[in-house]
Protein chains: 2
Amino acid sequence: MPSVTVENYLKHLLLLAEETDGLVPMGALSAALAVVPGTVTTMVKSLAADGLVVHRPRQGVKLTAAGRRLALGVLRKHRLVETFLVQVLKMHWSAVNAEAEQLEHAISDTVLDRLDALLGHPSTDPHGDPIPSRLGKLHSQVYATLATCPLARPVRLVRITEQSAEFLQFAEQHGLLPGASARVTDRNLAAGLVTVQRPRGRPLALSLAAAGRILVEPAR
Amino acid sequence: MPSVTVENYLKHLLLLAEETDGLVPMGALSAALAVVPGTVTTMVKSLAADGLVVHRPRQGVKLTAAGRRLALGVLRKHRLVETFLVQVLKMHWSAVNAEAEQLEHAISDTVLDRLDALLGHPSTDPHGDPIPSRLGKLHSQVYATLATCPLARPVRLVRITEQSAEFLQFAEQHGLLPGASARVTDRNLAAGLVTVQRPRGRPLALSLAAAGRILVEPAR
DNA sequence: CCCGCCATTTTGAGTAGTCAAAATAATTTC
DNA sequence: GAAATTATTTTGACTACTCAAAATGGCGGG
Ligand SMILES: [Mn+2]
Ligand SMILES: [Mn+2]
Ligand SMILES: [Mn+2]
Ligand SMILES: [Mn+2]
């Protein structure tokens, strides 16, 4: 059975692959795992020896089919646990990522199935992140973000791709939750600033970086 | 924060202390943890250096106050998780020990408190094992067992102190659950056999060892 | 074409936990 | 009161991970 360390390497690799498509640079993985680059090189070589990743020296890493399968399993656990923590235990959505980071390695497949059933087989977690199916299918659509969507048009928030508790608390404070509707009234590339209008709310200023973490679809 | 290994050493030490009172022999710990005796000696010395246990060479180990505090925390997690798995996820009581063995190390105190509240602050787990309080109080009464209780008198089962899935399945099969009532009709020390009568059931033969794992109190 | 910068890899070393097998104590047994 | 048996400890070695710091390689600018 893969160790906690291996599971974390694979899961982060899967997450990074979503935004990096192609090879994930060693530095990115090193940053995501909060480990020095030399450690990543060593570990990646050993993962490659186990057939879980492909390593192109000086270029990057990517998951093999086997590695991806494992990673999807861990991600499924992570997101179902988050959903459970919010829906059943009524925890705040800004706290559950940290908890799930541990629990994802301790939950058996049997427990996971029960949890899944209890929650009614949800397709997304509290942040709008898609939950991989039991068979390892990941429904990850490409969405616009508050940084890229058309101006003035009403949009519905579908997903917040940013785990930090501070950001999530800030977002909730201003009603920026999955399902909420909004409208980008102004976007100033030079200043790196986006202005968002919420129904019955003051205009809200966001950095371009922050806006890029909020995925949206056209409303209605 | 203590590692998973340390938590397991301490928890098992606490459990063994209940039956061994005084010093727990190294061999007992070694058997409980499924680790070679030399490993236990090494680890115990390092636990002793951290002030979590007292080691009397060639005699045994026992928890210090600090070690006991930690162990009680782990045990509380274990038993609350078991209760959750049975009551909320409807798992079988014979399967939950193994699951809790992992989860006890991954659950934070915040999640534990929520779980505790959700379950209505239970005082015992599905096996009748007492759940340590948040402050580390363990309500562990001394009970008679089917191997020691008076003959012919009706008793109520309060606790099954045996984790093995096979035993628990067998017990349930014959209605030997916490809360059930029964009567010991015969006890043959020579043959090491106990005969138990359940209301509306055939007489059931148990080994003395098995009977000793079933704790009872006088009915009514 | 060469220089320097930056990412990556190597090297050397350390921690935590484990086992196998030999050495040592403590208890029984005779 | 030895000798034999059994429990415990020591020793030496190994795996999995990690870091610090030095070496290396690939570019991009000149
Ligand atoms: Mn994790
Ligand atoms: Mn999430
Ligand atoms: Mn455990
Ligand atoms: Mn129990």
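All chains are named by letter (A, B, ...) in the order of the sequence lines, taking the proteins before the strands, and each is independently numbered beginning at 1.
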If you count every heavy atom of other residues, nucleotides or ligands that lies below 6.0 Å from A:R76 atom CZ, does the total exceed 12? yes
Can you tell me if CZ on B:R68 sees more than 12 non-hydrogen neighbours from other groups inside 6.0 Å? no
Does the pair A:E101/A:K11 count as a salt bridge with the N-to-O cut at 4.0 Å? yes
May I ask you to evaluate whether [X] reaches the phosphate of [N], defined as a side-chain N or O under 4.0 Å from OP1 or OP2?
X     : N      : answer
B:Y9  : C:dT18 : yes
B:H55 : D:dT8  : no
A:K45 : C:dT9  : no

Is the shortest heavy-atom distance from the side chain of B:P122 to the side chain of B:Q87 under 4.5 Å? no
Euclidean distance, atom [atom1] of residue [X] to atom [atom2] of [N] [Å, nearest integer]:
X      : N      : atom1 : atom2 : result
B:L52  : C:dA16 : CG    : P     : 13 Å
A:M26  : D:dT24 : CE    : C1'   : 15 Å
B:E7   : C:dA16 : CD    : P     : 16 Å
B:H105 : C:dG17 : NE2   : P     : 12 Å
A:L47  : D:dT15 : CG    : P     : 17 Å
A:L33  : C:dT8  : CG    : P     : 14 Å

Which letters describe nucleotides 20-28 of chain C, given B = protein heavy atom under 4.0 Å from base, S = only from sugar-phosphate, - = neither? ----BSS--
For a quick check of understanding: with a heavy-atom distance under 4.0 Å over all strands, which category does B:S3 fall into, base, sugar-phosphate or nothing? sugar-phosphate
How is B:V35 classified with respect to the nucleic acid when contacts are heavy atoms under 4.0 Å: base, sugar-phosphate, or nothing? sugar-phosphate
Please set out all donor-acceptor pairs under 3.5 angstrom arising from side-chain atoms of residues 38-53 of chain A, sequence neighbours excluded.
residue : atom : partner : partner atom : Å
A:T41   : OG1  : A:P37   : O            : 3.3
A:T42   : OG1  : A:G38   : O            : 2.9

Quick note, B:T41 side chain, CB onward, closest among D:dC17, C:dT9, D:dT10 is D:dT10
Residue A:M43, side-chain atoms from C-beta onward, closest of D:dT10, C:dT9, D:dT18: D:dT18
Only one of B:L33, B:N8, B:V61 clears side-chain contact (heavy atoms from CB on, under 4.5 Å) with B:L13; which? B:V61
List the residues meeting side-chain hydrogen bond (donor to acceptor under 3.5 Å, both in side chains) with B:R134, not counting sequence neighbours, and say none if there are none. B:D113
